[in-house]
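A, B, ... follow the sequence lines: proteins, then strands. Residue 1 opens every chain. Predicted model, so just to flag it, every value in this text is computed and none were measured.
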Amino acid sequence: MGFDTAYEAISEESDSGHRWAFGTGFTDPLAGVDTAVPAGIDGADLAAYCLMLGDDALILSHRLQQWLARAPELEEETALANIALDLLGQARLLLTRAGRADGSDRTEDDYAFDRTEREFRNVRMAEVTDVDFAGLIARLLVFSTWRLALLGRLRESADPVLAAVAAQGVNELTYHRDYAAGWTIRLGDGTDYSRQRMQAGLAAVAPLAAELFVPSAVEQRLAGVAVNPEDLRPEWDAVLAQVLAAAGLDWPEAGWPEAAGGSGGSSPRGGTVGKAGRDGVHTEAMGYLLAELQSVARALPEATW
Amino acid sequence: MVTTLGETTLARARRVARSVPDPELPMLTIADLGILREVAIAGTRVVVSVTPTFSGCPAIAEIRADLAGRLAAAGFADVEVRTVLSPPWTSDFISPEGRRKLTEAGIAPPRSRSEVAAGPVPLTLTAAGPRLECPVCGSADTVRTAAFGGTACKDLYRCRACFEPFEHVKEI
Ligand SMILES: [Zn+2]
């Protein structure tokens, strides 16, 4: 190839893909990667774990994409688009890994577009809507601090594919967390009004934080492959404390994650009879999000683009 | 396609693969960028291994197509492009030649990364970003204006000496 014009590139007959514009010829993101499940690891559990981490990334990415054309400044819009793209890339790798691990050979699209709400395994923090930009920043701070701690440990996973996805993701999440921390400090240490909005953002996200640290049955069975989310608390606590101190903000007392026990703790949004996102139990926001995310694929099931 | 006299099949395949430009940083080849990991011959098949810069890099599909196309034009009908995830790409893989080409194009190249420790990643709370040399005038009086740029691998800077804005390839 090596085309002189874009038209030549998209009209090239030898092109076996279905490209109509730059970047649309999406191919298998794990093409050529050895995706054999290592001995001693249960493929179905591994697939379920990949879906959890993949769904977290996919769903938050979609929420971030909804901010495009709504962000307060062009630079912030670009930042949110970049973060969304990183997370979408992680989701593509993880969902593809899931389909290989359980032998079903389902593709990333099968998982993203053909599952019902109860089949999604993301933490509910990924799916909720944001009241304002400060609310988004609070959520991004809490989520990316948690995911960075998680991926940092996942680099040691007994599954080489998960370990490689995590190693790449650590570099990306480092930027996401720094971005959220920077804005938390600007808003918290800004005017009285910006501080109030930032504090309100933390109050909105706090009740959903407990769920991040509750190990699911799958994670417990996958010791050495998966990260036990209970182990993430010290790092998460330390980073949150550092950022909030610099911002002059307080973590909402009532919403502080419980040290142990059910995923809900004392929070009214902590879960439904002990079940939450990892069990497929979601908030009202999730149905609306999926309706939008899946609308084109459901209307045109055979379409390629 | 000119064939250098005496060039082996492998050397020719390697030369063609190394010439593929990166779609987002077209002044660099994929060899300059350090994402071309290996070119090998297996029977009549050319096996090219590439690694994505970012998990969500949309350019990787274009690179795969371009590799297959250029190698086909050079007489290699059977081409397999493999994705390699480990070790992950970092900006340290950009060659000295690649860094020179970036500067020539007005883009500040990445500095070498500090060693990645195994433990928790430290938080960075300074918004200004690393001090860079302006690729236009060479002044060190530069400031970061945005941590995320037009592509995933770059951020935005401004020079306070010559007032030119410029892009910088992130240390990642
Ligand atoms: Zn300058």
Which atom of [X] lies closest to which atom of [Y], heavy atoms considered:
{"X": "Q242(A)", "Y": "L125(B)", "value": "NE2-CD1, 4.1 Å"}
{"X": "R82(B)", "Y": "G32(A)", "value": "CG-CA, 3.9 Å"}
{"X": "G150(B)", "Y": "T78(A)", "value": "N-CG2, 4.4 Å"}
{"X": "A152(B)", "Y": "D86(A)", "value": "CB-OD1, 4.5 Å"}
{"X": "R64(B)", "Y": "A31(A)", "value": "NH2-CB, 3.5 Å"}

Worksheet item: Picking from Q90(A), R153(A), E172(A), which has the most non-hydrogen pairs under 4.5 angstrom with chain B?
Response: E172(A)
Worksheet item: Any idea which of E73(A), E235(A), E75(A) has the most non-hydrogen atom pairs under 4.5 angstrom with chain B?
Response: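 Of the options given, most contacts go to E235(A).
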Worksheet item: For I172(B), does its backbone N or O pair with a side-chain atom of N171(A) as donor and acceptor, under 3.5 Å?
Response: no
With a 4.5 angstrom heavy-atom cut-off, which part of [X] approaches chain B: side chain, backbone, both or neither?
{"X": "Y179(A)", "value": "side chain"}
{"X": "L85(A)", "value": "both"}
{"X": "P160(A)", "value": "neither"}

Where on [X] is there a heavy atom nearer than 4.5 Å to chain A: the side chain, the backbone, both, or neither?
{"X": "P122(B)", "answer": "backbone"}
{"X": "T53(B)", "answer": "backbone"}
{"X": "T151(B)", "answer": "backbone"}

Item to complete: Check whether more than 12 heavy atoms from other residues, nucleotides or ligands sit under 6.0 Å from atom CZ of R160(B), and answer yes or no.
Response: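 For R160(B), atom CZ is crowded (more than 12 foreign heavy atoms under 6.0 Å).
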Item to complete: Would you indicate whether R100(B), at its atom CZ, is surrounded by more than 12 heavy atoms from other residues, nucleotides or ligands within a distance under 6.0 Å?
Response: yes
Fill in: Interatomic spacing from CD in E76(A) to CZ in F148(B) - rounded to 0.5 Å
9.5 Å
Worksheet entry | side-chain contact (heavy atoms from CB on, under 4.5 Å) assessment of V33(A) paired with V84(B) | CA-CA 6 Å; V33(A) 175; V84(B) 177; over 6 Å; no
Fill in: Contact winner vs chain A - G149(B), A147(B), A72(B), heavy-atom pairs under 4.5 Å
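Ranked by heavy-atom pairs under 4.5 Å with chain A, first place is G149(B).
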Worksheet entry | Heavy-atom pairs under 4.5 Å with chain A, option from V20(B), L123(B), L85(B) with the top count |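 When all of V20(B), L123(B), L85(B) are compared, L123(B) has the most.
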